[in-house]
Amino acid sequence: MYDITTVREDFPILSRQIYNRPLVYLDNGATTQKPRCVVEAMVDEYYNVNANVHRGVHFLSQQATDLHEASRETVRAFINARSVNEVLFTRGTTESINLLAFSFGEAFVHEGDEIVVSTMEHHSDIVPWQMLCQRKGAKLRVIPMSDDGVLDLEAYSSLLNERTRIVCCAHVSNVLGTVNPVGEVIARAHTMNIPVLIDGAQSTPHFAVDMQALDCDFFAFSGHKIYGPTGVGVLYGKEDWLDRLPPYQGGGEMIKNVSFENTTYNTLPYKFEAGTPDYVATHALAKALDYVTALGMDNIFRHEQELTRYAMTQMSRIDGMRIFGPSDNHDAVISFLVGDIHHLDMGTLLDRLGIAVRTGHHCAEPLMRRLGIEGTVRASFGLYNTLEEVDALVEGIERVVKMF
């Protein structure tokens, strides 16, 4: 295991005071804080290497291109993709899914076809598919779940048929913390030659992901949720699928030849990367991946699991506490309500104690309706959180409860 005290020193913001209290940052599911090495990499590139990539013959352009493409290889190795051709840089999970929904939909979805998503999807894995269905006259089908937040795999299997074009499923629920059995989801779809997209926004920061072991066809994640910069993310796609999809956007870099009569497109992965990429952010993302790799994804997983189990045990002792999600296969997210206290009131008062949590529907309104609630308070853990911070959260909740 890594030394948590030393690790916390890599994140200057964690030493801040909020309302004259030490910051307890438990909103990692929304975005993570950034270690010094990530921010310093961005500063260094802007000051010393800044030049547009790929098309320049001068030294700085060549150097920036080398860093950008080395970052692609870092991502490939981190997720164990077969080739850098399978790694597309995007602005994040949301753009990755929109890219896929447009390109896949243009090529393979027609009137009467069906797209399968789960009850617990984030809006970014619902709305793009709804938009596609509206354009194409297709239908969205939904995998149901149990009251404790576990997908119904038998009902899922019954949804699959000759009209199903793609299955989309969150690896980990951003609300419930459910670690979905995506291996089984993928295997059942593949028996009918149906491709599968896995939303890895909430899994990639917490445990190792392996594209070849998962055998999913597409996988998306965001840099800012894994200690990297905002505005950068990744869409992984199997090379044979990406070869068959049309481009998402047109412009520079994604072309081979252009005339007023016709345009031919570039090879992978550039076919999907129109315009100037955020090459500074891709370099910083690689630094973030190097950082968590050095700590060890297994070590991060064990540390966060210890925090989650401890927090669930301590919080469950609070009178009126309702924790949503399964007791097993639960990742580093705890969504809760206490008695009749509104989630916004709880979050606001915890903030006055220096404790940062998230409140609301967490971009999962259909899930909230399934649970019969308007929203929750969500505490989400990262590699730098401590047992003492969990104690501060529990004490803060108890103090708010006494106020009501």
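Counted by atom type alone, Thr178 and Asn180 present zero donor-acceptor pairs between their side chains at under 3.5 Å. For the residue pair Ser157 and Arg188, a side-chain donor N or O sits within less than 3.5 Å of a side-chain acceptor on the partner. Side-chain contact of Asn28 with Ser380: a donor-acceptor pair under 3.5 Å is absent, judged by distance alone. A donor-acceptor contact closer than 3.5 angstrom is absent between the side chains of His330 and Thr308. Between the side chains of Asn85 and Glu239, at least one donor N or O lies within less than 3.5 Å of an accepting N or O. Side-chain contact, Glu121 with Ser118: a donor N or O sits under 3.5 Å from an acceptor N or O. Between Asn50 and Tyr279, the side chains place a donor N or O and an acceptor N or O closer than 3.5 Å (distance only, hydrogens not considered). Inspection of the His190 and Asp217 side chains reveals an N or O donor paired with an N or O acceptor under 3.5 Å. Counted by atom type alone, Asn161 and Glu114 present one or more donor-acceptor pairs between their side chains at under 3.5 Å.
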Does the ring pair (Phe, Tyr, Trp, His ring centres under 6.0 Å) test come out yes or no for Phe381 and His206, once each step is laid out?
CA-CA 9 Å; Phe381 304 110; His206 302 296; 9.4 Å; no

Please lay out, stage by stage, how Gln130 and Val117 fare under the test side-chain contact (heavy atoms from CB on, under 4.5 Å). CA-CA 10 Å; Gln130 284 181 326; Val117 300; over 6 Å; no

Chi angles and distances behind the ring pair (Phe, Tyr, Trp, His ring centres under 6.0 Å) call for Tyr236, Trp241: CA-CA 10 Å; Tyr236 158 83; Trp241 272 114; over 10 Å; no

Original post:
Given the rule in the side-chain contact (heavy atoms from CB on, under 4.5 Å) test, do Leu160 and Val167 qualify, once you have shown the distances and angles that lead to the verdict?
Top reply: CA-CA 9 Å; Leu160 302 178; Val167 173; 3.7 Å; yes

Audit row: Glu73, Glu69, side-chain contact (heavy atoms from CB on, under 4.5 Å) steps and yes/no
CA-CA 7 Å; Glu73 167 57 24; Glu69 292 305 326; over 6 Å; no

**Study point:** Test log, rule ring pair (Phe, Tyr, Trp, His ring centres under 6.0 Å), inputs Phe336 and His343
**Key:** CA-CA 8 Å; Phe336 66 94; His343 53 84; over 10 Å; no

*asked:* Phe207 vs His171, test: ring pair (Phe, Tyr, Trp, His ring centres under 6.0 Å). Steps then yes/no.
replied: CA-CA 11 Å; Phe207 52 82; His171 204 166; 5.3 Å; yes

Requested in this report: Decide yes or no on side-chain contact (heavy atoms from CB on, under 4.5 Å) for Met315 and Val394, but give the supporting numbers first.
Outcome: CA-CA 6 Å; Met315 291 169 63; Val394 173; 4.0 Å; yes

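Annotation: side chain of Phe272 is in contact with side chain of Ser103 (closest heavy-atom distance under 4.5 Å). The shortest side-chain heavy-atom distance between Tyr291 and Val7 falls under the 4.5 Å cut-off. Contact annotation: the side chain of Lys238 approaches that of Asp215 to within less than 4.5 Å [non-hydrogen atoms, C-beta and beyond]. With a 4.5 Å cut-off on side-chain heavy atoms, Val400 and Ile397 do not count as touching. Using a 4.5 Å heavy-atom cutoff, the side chains of Val116 and Cys168 are not in contact. Residues Val232 and Thr230 are not in side-chain contact: their nearest non-hydrogen atoms beyond the backbone lie 4.5 Å or more apart. The closest side-chain heavy-atom distance from Cys216 to Met211 is below 4.5 Å.
Of the possible polar contacts, none joining the Gln33 side chain to the Leu14 backbone as a donor-acceptor pair under 3.5 Å is found. Side chain of Arg72 to backbone of Val87: a donor-acceptor contact under 3.5 angstrom is found. With hydrogens and angles disregarded, a donor-acceptor distance shorter than 3.5 Å links the side chain of Glu304 to the backbone of Leu383. Within the 3.5 Å criterion, the main-chain N or O of Asp345 finds no donor-acceptor partner in the side chain of Thr348. Judged purely by atom type and a 3.5 angstrom limit, Ser96 uses its side chain to pair as donor or acceptor with the backbone of Val234. Here the side chain of Asn385 pairs a donor or acceptor atom with the backbone of Tyr25 at under 3.5 angstrom. Panel note: side chain His283, backbone Val38; no donor-acceptor pair is recorded below 3.5 Å. Side-chain atoms of Arg76 come within 3.5 Å of backbone atoms of Ala81 as a donor-acceptor pair (strictly under, hydrogens ignored). A side-chain donor-acceptor contact under 3.5 Å links Ser335 to the backbone of Val175. The closest donor-acceptor contact from the side chain of Ser61 to the backbone of His58 lies at 3.5 Å or more, if one exists at all.
Interatomic distance, Ser173 OG to His122 NE2, rounded to the nearest 0.5 Å: 10.0 Å. Distance check, rounded to the nearest 0.5 Å: CG of Asp290 to CG of Leu285 gives 9.5 Å. Atom CG of Asp391 is separated from atom OH of Tyr310 by 3.5 Å, given to the nearest 0.5 angstrom. To the nearest 0.5 angstrom, Leu242 atom CG is 12.0 Å from Thr267 atom OG1. Distance check, rounded to the nearest 0.5 Å: OG1 of Thr90 to CG of Leu100 gives 11.0 Å. Note: Leu159 CG to Ile115 CD1 = 13.0 Å, rounded to the nearest 0.5 Å.
The two atoms that bring Gly149 and Met120 nearest to each other are O-CE, 3.6 Å, heavy atoms only. The minimum heavy-atom distance between Ile226 and Thr32, with the atom names listed, is N-OG1, 3.7 Å. Across all their heavy atoms, Leu132 and Ala101 have their closest contact at CD2-O, 3.6 Å. Across all their heavy atoms, Val182 and Cys169 have their closest contact at CG1-SG, 4.4 Å. Between Ala201 and Asp199, the shortest heavy-atom contact is N-OD1, 3.0 Å.
At a threshold of 4.0 Å, the pair Asp113-Arg165 counts as salt-bridged, since one of the basic side-chain nitrogens sits closer than that to a carboxylate oxygen. Salt bridge present: Arg8 and Glu389 bring a charged side-chain N and a carboxylate O closer than 4.0 Å. Comment: Asp243 does not engage Lys271 in a salt bridge, judged by the lack of any side-chain N to carboxylate O separation of less than 4.0 angstrom.
No option in Leu176, Ile126, Asn174 other than Leu176 meets the side chain to side chain contact (heavy atoms under 4.5 Å, CB included) test with Leu367. None of Lys34, Met42, His224 except one satisfies the side chain to side chain contact (heavy atoms under 4.5 Å, CB included) rule with Pro229; the exception is Met42.
The environment of Arg135 atom CZ is dense: over 12 non-hydrogen atoms of other residues, nucleotides or ligands sit within 6.0 angstrom. The environment of CE in Met1 is crowded: more than 12 heavy-atom neighbours from other residues, nucleotides or ligands sit within 6.0 Å.
In this pair, Phe104 and Phe218 present their aromatic rings perpendicular. The plane angle is above 60°, beyond the 30 to 60° band.
Between His54 and Tyr270, a ring centre-to-centre spacing shorter than 6.0 Å is recorded. For Tyr227 and Tyr384, the ring centers sit closer than 6.0 Å to each other.
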